Every structure is written in C-alpha cells, then in structure tokens.
Amino acid sequence: MAAFQASSYDPPFLQNYSFLFAASAEAEHSCSSHESRVTAECELPLIDLKDLQCGNEEERMDCVAEIANASSEWGFFQVVNHGISTELLKETRREQKRLFHRPFEKKVGSKVLNESYRWGNPTATSLDQFSWSEAFHVPLSKLAEDGGCYEEEFRSLRELMQKVAGSMSELARILADVLAENLGCHEDFFAKNCSENTCFLRLNRYPSCPFSPETFGLMPHTDSDFLTILHQDHVGGLQLMKDSKWVSIKPNPEALIVNIGDLFQAWSNDVYKSVEHKVMTNSKVDRYSIAYFLCPSYESIISSCKEPSRYKKFTFKEFRSQVQEDVKTTGYKVGLSRFLL
C-alpha cells in the first residue's frame, strides 16, 4: 500500500482522516481481508421494461416475474427501455462534474442546492467505518422551491435534476406497484405514502484514491428506503453480497440499476431482499453516480403486507432514529434486525 501523503489532499482530510491512513499495518490488514472475500466480476439481471407498457398480457406478466425474481434472488437488477432520456442523464452528468470540480471551501460554504453537501464520514474511527466520497443529498421538495439553488451558475443543474427526479419518481412508482402486484397487495400504498416531499436525489463523486486501493468509497450498508434507482458511469466499483460473498458488478452505463431497500424487505415480509452493498474506490479515476431514493413520510407506518409478519410495525421515523443511534454508538448500521418479532 502506498504511504498516505496528507499534504496532497484537502485540509479537511488533513484535520479529520489522516490518522486513519497513518497506520499502514492496519490498512494493509483491512485490504487483505477485503480482497479475500471478493469474487469475479458479474452482471446483474438485465430486464427490458418495454413489455410493461407495450407488450401483451403474457409478455407483461413475464416481465413482472423477472422483476420479482431478481428482487428476491439478488435484491438488485438492471433495467433498459426505462423511459428516461439518455441525453438528459448525460447532460446532468456534465453539470454534476462541473459542480464537484469546485474548490472544497466553495462546496462547503455555498448555498448551492440548499446546503446539501456532504463529504467523508466525520464519525469514522477506523478504515472500516470510512467512506472516501462526497455528495449532494437533496430533498426533492427543495429542488422544486423557487430560488432553491441560490447560485445562478448552477440554476441549469437544478432544472436538470428536477427533470431527472421527475422521471425517476415515475419509474420508481411503476416498479414499486409491479412488486406490490406480484405479492397481491394494495398497489396504492406508494402513491399515498411516497411523494415529492419525502424522496431524495443524490449526486455522488468518489475521488480517485491512489494511496489505498481497498478504501471504501461507500462503506458496506443496506439502503433505508423502499427502492433506489442508480445511474452510474463506466468506472465500476459497486460490489454487493451474493451467496455470502462479495461480487463486483460490471458497469453498464446504458442501463439503470435498481435495488430493494430495507422498507420493501419488511413490507414484503422478506420476499424481496435488501442486500448489503458497497463502493470501492479507483486508484486512478473518479467515479460519478446519481441516485434516487423512494422514501415514505416519517409518519408512515411500515407493516408487512402478509401475515404472519416477521417484523413489528414501525414508522419510518422510528427506523431512521434507530439507525442513527446505532451508527453513533457502534459506528455501524444494524437495520431491520432491530425490528424482528
């Protein structure tokens, strides 16, 4: 492992994170444990959504079955013919890069995108709790507010993000309804509980990390939502847990990645799986992605749509509060196991 050269990185990393990399023996031990668990690169199930809208009933039901099977067996899948403009995604990515290339001090201190900027992990006490990344995590309701992006320079980015969010919201609602239909459950749950006021769009950047090839861009976790839709670039780095092993996912910039979140696993009574995943950094190039999170209101009650339930009823607020408490006290998310009956 290359030695950590603190002087070549932003001052906040000097102040907060250099001690994590100073002990090279600890880092090397972490590297070897990660490497021994990763298997070969694989491709996620690829699902063509055109039959959901344009196919006959048999073709539509075959597509529903594909989505449901991937959600049960993998917790992740890719979709094409998803209805979101390729040019819109490319244009948003160009503006996203321009935003992240600003000096750190300007990103932290500005009001761009409603002061939604995040970086690193201030609570990390070891490399296993550390994420080498930065992001703008924006509530959709803030995107829609007039003047929500206070800097004229990035007004076009906000407008693009609104379009992306609108398109991804529609896609997420379609997929959630399909998964509910497959379970024989009420399909209007998501329309009633998930709205522009409750969902989020996140712009991610994972800077190159030449001094530690096994540094997490995003530490292992599951998503605390119903569904996540991800548009990533060609760089790669996404890994997920499959059959108790870490597998590296081959990037496909032409497809969108969809994954099941904790709330859908509880709501489906463990039929659909919220799978642990992580992002590994690249030593030479930055990685960019855009993620949409389908979330309910904090007051929404999450209960299994089938009985007997494996989980007690809980509100989204209770779930988030428990996750935050666990991270604060242990450094790690515990998640759904806290709510098992």
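Just so it is clear, the structure is predicted and the values come from calculations on it, not from any experiment. These values consider heavy atoms only, across backbone and side chains, with no hydrogens, waters or symmetry-generated copies.
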- If you measure only the distance, is there a donor-acceptor pair under 3.5 Å linking the side chains of Ser85 and Lys163? no
- Message: Closer than 3.5 angstrom, by distance alone: can the side chain of Asn269 be matched with the main-chain N or O of Glu307 as a donor-acceptor pair?
- Response: no
- Query: Quick one: do Glu95 and Arg98 make a salt bridge, cutoff under 4.0 Å?
  - Reply: yes
- Query: Residues two or more places apart in sequence or in another chain: which of them pass side chain to side chain contact (heavy atoms under 4.5 Å, CB included) with Lys97?
  - Reply: Arg93, His101, Tyr288
- Item | Spacing of CZ belonging to Arg155 relative to CG belonging to Leu160, to within rounding of 0.5 Å | 13.0 Å
- Tested for side-chain contact (heavy atoms from CB on, under 4.5 Å) against Ile302, the lone hit among Thr315, Asp262, Leu263 is Leu263
- So with a 6.0 Å cut-off around CD of Glu58, is the heavy-atom count from everything else above 12? no
- Query: Is the side chain of Gln265 donor-acceptor paired with the backbone N or O of Ser274 at a distance under 3.5 Å, no angle test?
  - Reply: yes
- Query: Do Lys192 and Glu299 meet the salt-bridge criterion of a basic N to acidic O distance under 4.0 Å?
  - Reply: no
- Atom CD of Glu170 with >12 non-hydrogen neighbours under 6.0 angstrom: no
- With under 30° as parallel and over 60° as perpendicular, where do the rings of His137 and Phe293 fit, or are they tilted in between? tilted
- Task: Quick one: do Leu256 and Leu171 satisfy side-chain contact (heavy atoms from CB on, under 4.5 Å)? Show the steps, please.
- Result: CA-CA 11 Å; Leu256 297 177; Leu171 176 59; 3.8 Å; yes
- Query: At what distance, to the nearest 0.5 angstrom, does OG of Ser224 lie from CZ of Arg320?
  - Reply: 6.5 Å
- Query: Could you give the distance from CG (Leu294) to CD1 (Ile260), rounded to the nearest 0.5 Å?
  - Reply: 10.0 Å
- Task: Report yes or no: does Asn282 contribute a side-chain atom to a donor-acceptor pair with the main-chain N or O of Gly236 at less than 3.5 Å?
- Result: no
- Message: Ignoring hydrogens, what is the shortest heavy-atom contact between Cys305 and Ser268? Give both atom names and the distance.
- Response: SG-CA, 4.4 Å
- Would you kindly confirm whether Phe200 and Leu203 end up in one hydrophobic cluster when ILVMFWY residues are joined by side chain heavy atoms under 4.5 Å apart? no
- Query: Taking the side chain as C-beta and beyond, is there a heavy-atom pair between Leu336 and Phe314 under 4.5 Å?
  - Reply: yes
- Query: Would a hydrophobic clustering, with Ile, Leu, Val, Met, Phe, Trp and Tyr connected at side-chain separations under 4.5 Å, put Leu88 with Val258?
  - Reply: yes
- Message: Using the rule given for side-chain contact (heavy atoms from CB on, under 4.5 Å), can you reason through Cys63 versus Leu49, listing the C-alpha separation, both sets of side-chain angles and the distance that settles it, and then say yes or no?
- Response: CA-CA 7 Å; Cys63 188; Leu49 297 183; 4.3 Å; yes
- Do the numbers put Lys107 on top of the ring of Trp119, so that NZ or CZ is under 6.0 Å from the six-membered ring centre and no more than 45° off the axis? no
- Query: Are the side chains of Cys54 and Glu59 in touch, meaning some heavy atoms are under 4.5 Å apart?
  - Reply: no
- Separation between CD (Glu91) and CG (Leu157), nearest 0.5 Å, reads 10.0 Å
- Item | Lys/Arg-Asp/Glu bridge criterion (N-O < 4.0 Å) met for Glu134, Arg205 | yes
- Item | 4.5 Å side-chain heavy-atom contact, Tyr311 and Leu340 | yes
- Message: Just checking Phe190 against Phe264, ring centres under 6.0 Å apart?
- Response: yes
- Hey, does the side chain of Arg173 reach the backbone of Cys194 with a donor-acceptor pair shorter than 3.5 angstrom? yes
- Below 4.5 Å, heavy atoms only, C-beta onward: do Leu46 and Gln78 meet side chain to side chain? yes
- Message: Any side-chain to backbone donor/acceptor pair from Asp243 onto Lys245? Under 3.5 Å, distance only.
- Response: no
- Residue that, paired with Thr215, satisfies side-chain contact (heavy atoms from CB on, under 4.5 Å) out of Cys209, Ser131, Ser133: Cys209
- Query: Are side-chain heavy atoms of Val164 and Met168 found at a separation under 4.5 Å?
  - Reply: yes
- Query: Taking all non-hydrogen atoms of both residues, which atom of Val235 and which atom of Pro251 are closest, and how far apart?
  - Reply: C-CG, 4.4 Å
- Message: Strictly below 4.0 Å, N to O, side chains only: are Glu318 and Lys312 in salt-bridge contact?
- Response: no
- Query: Angle class for the Phe136/Tyr117 ring planes (parallel below 30°, perpendicular above 60°, tilted otherwise)?
  - Reply: tilted
- Message: Run His221 and His277 through side-chain contact (heavy atoms from CB on, under 4.5 Å) and show every step you take.
- Response: CA-CA 6 Å; His221 67 288; His277 53 285; 3.2 Å; yes
- Query: Backbone N or O of Ser195 within a donor-acceptor pair of the Thr198 side chain at under 3.5 Å?
  - Reply: yes
- In the single-linkage hydrophobic clustering (I, L, V, M, F, W, Y; side-chain heavy atoms under 4.5 Å), do Val80 and Leu227 co-cluster? no
- Point-to-point distance, once rounded to the nearest 0.5 Å, from CZ of Arg338 to CD of Glu325: 7.5 Å
- Item | Closest non-hydrogen atom pair between Gln96 and Ile290, with its separation | OE1-CG1, 3.4 Å
- Query: Heavy atoms, side chains only, cut-off 4.5 Å: are Leu140 and Tyr292 in contact?
  - Reply: yes
- Treat each ILVMFWY residue as a node, draw an edge where side-chain heavy atoms are under 4.5 Å apart, and state whether Met241 and Val334 are in one component. no
- Angle class for the Phe319/Phe339 ring planes (parallel below 30°, perpendicular above 60°, tilted otherwise)? tilted
- Between Val323 and Tyr298, is there a shared hydrophobic cluster once you connect ILVMFWY residues whose side-chain heavy atoms come closer than 4.5 Å? yes
- What distance separates Ser208 OG from Trp132 CH2, expressed to the nearest 0.5 Å? 8.5 Å
- Item | Minimum-distance pair of heavy atoms, taken over all atoms of Ala68 and Leu179 | CA-CD2, 4.0 Å
- Does the side chain of Gln162 reach to within under 4.5 Å of the side chain of Leu201, using non-hydrogen atoms? no
- Minimum-distance pair of heavy atoms, taken over all atoms of Lys333 and Thr222: NZ-O, 2.7 Å
- Note on the structure: For Phe216 and Lys278 the tightest heavy-atom approach is CE2-CD, 3.7 Å
- Message: Main chain of Gly217, side chain of Thr281: is a donor-acceptor contact present, judged purely on distance under 3.5 Å?
- Response: no
